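To start, the structure under review is shown below, and the notes come after it.
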Amino acid sequence: MAPYEALYGRKCRSPIRCFDIEETMLVGPELVQQAIERIKLIQERLLASQSRLKVYEDNRRRGSEFQVDDWVFQKVFHVAMLRKYIGDPSRIVLVDDIQVTKQPSYEETPIVILDGQIQRSKTKDVVSVKVLWRNNNVKEMTWEDKENMKSRYPYLFPPPEKGPTETS
């Protein structure tokens with residue numbers, strides 16, 4: 001069984017087989033003429049279908065207009081996917097702040113510890129600190145393990161202050 005027949009439950013019909021049984025007795029120019037007419041009918045229907053699909057897609061498409069120096073987000077390398085970007089000053093990184101090194105990796109460095117918390121579980125307590133990282137805004141702070149941060153960045157944790165001593 002052909003795949004078309006399995007899918008649609010009938011045999012595939014080419015334009016030449018689009019005739020009734022009694023029409024198959026025609027031979028020569030009449031058969032060719034009827035085949036040409038059927039092919040033209042099929043082409044017209046395909047064009048009508050294509051036109052309907054084009055109207056549908058055109059209605060869904062958004063028009064985008066960009067000016068020189070507009071900021072856009074680029075999802076893929078096609079102009080139809082560009083979206084206008086309204087700048088956020090906290091997201092702008094100045095070119096002077098970027099340091100290029102021979103090693104292609106980039107490591108975020110913490111600026112300050114903003115907060116701390118203790119998460120209690122059944123077996124132990126986990127102390128976390130809220131870290132503000134360089135080149136990130138306040139919305140992108142993260143909670144990190146205090147001991148891990150203390151071992152990697154000891155300068156963020158000042159030595160504990162001594163209380164007032166009693167003198168006699």
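Remember, it's a predicted structure, so these values are computed and weren't measured experimentally.
Remark: Lys130 engages no residue in a salt bridge (Lys or Arg N to Asp or Glu O under 4.0 Å) (not counting sequence neighbours). Remark: Arg45 pairs with no residue by the salt bridge (Lys or Arg N to Asp or Glu O under 4.0 Å) rule, at least two apart or across chains. Every salt bridge (Lys or Arg N to Asp or Glu O under 4.0 Å) that Asp70 has, sequence neighbours left out, goes to Lys84. Every residue two or more places apart in sequence or in another chain was checked for a salt bridge (Lys or Arg N to Asp or Glu O under 4.0 Å) with Asp69, and none qualifies.
Looking only at side-chain heavy atoms (C-beta outward), Val131 and Ile113 come within less than 4.5 Å of each other.
Note that CD of Glu37 and CD1 of Ile42 are 12.0 Å apart. Values are rounded to the nearest 0.5 Å. Note: Asp125 CG to Ile118 CD1 = 6.0 Å, rounded to the nearest 0.5 Å.
Residue pairs meeting the side chain to side chain donor-acceptor pair (under 3.5 Å) criterion with at least one partner in residues 47-60, sequence neighbours excluded, are Lys54-Asp58.
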Sequence neighbours left out, cut at 3.5 Å: what donor-acceptor pairs do the side chains of residues 141-159 make with other protein atoms?
unit_1 : atom_1 : unit_2 : atom_2 : d
Thr142 : OG1    : Trp133 : NE1    : 2.7
Thr142 : OG1    : Glu144 : OE2    : 2.9
Asp145 : OD2    : Asn148 : N      : 3.2
Ser151 : OG     : Glu147 : O      : 3.4
Ser151 : OG     : Asn148 : O      : 2.9

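In the hydrophobic clustering of this structure, Ile36 does not group with Leu41; members are Ile, Leu, Val, Met, Phe, Trp, Tyr whose side-chain heavy atoms approach within less than 4.5 Å, directly or through other members.
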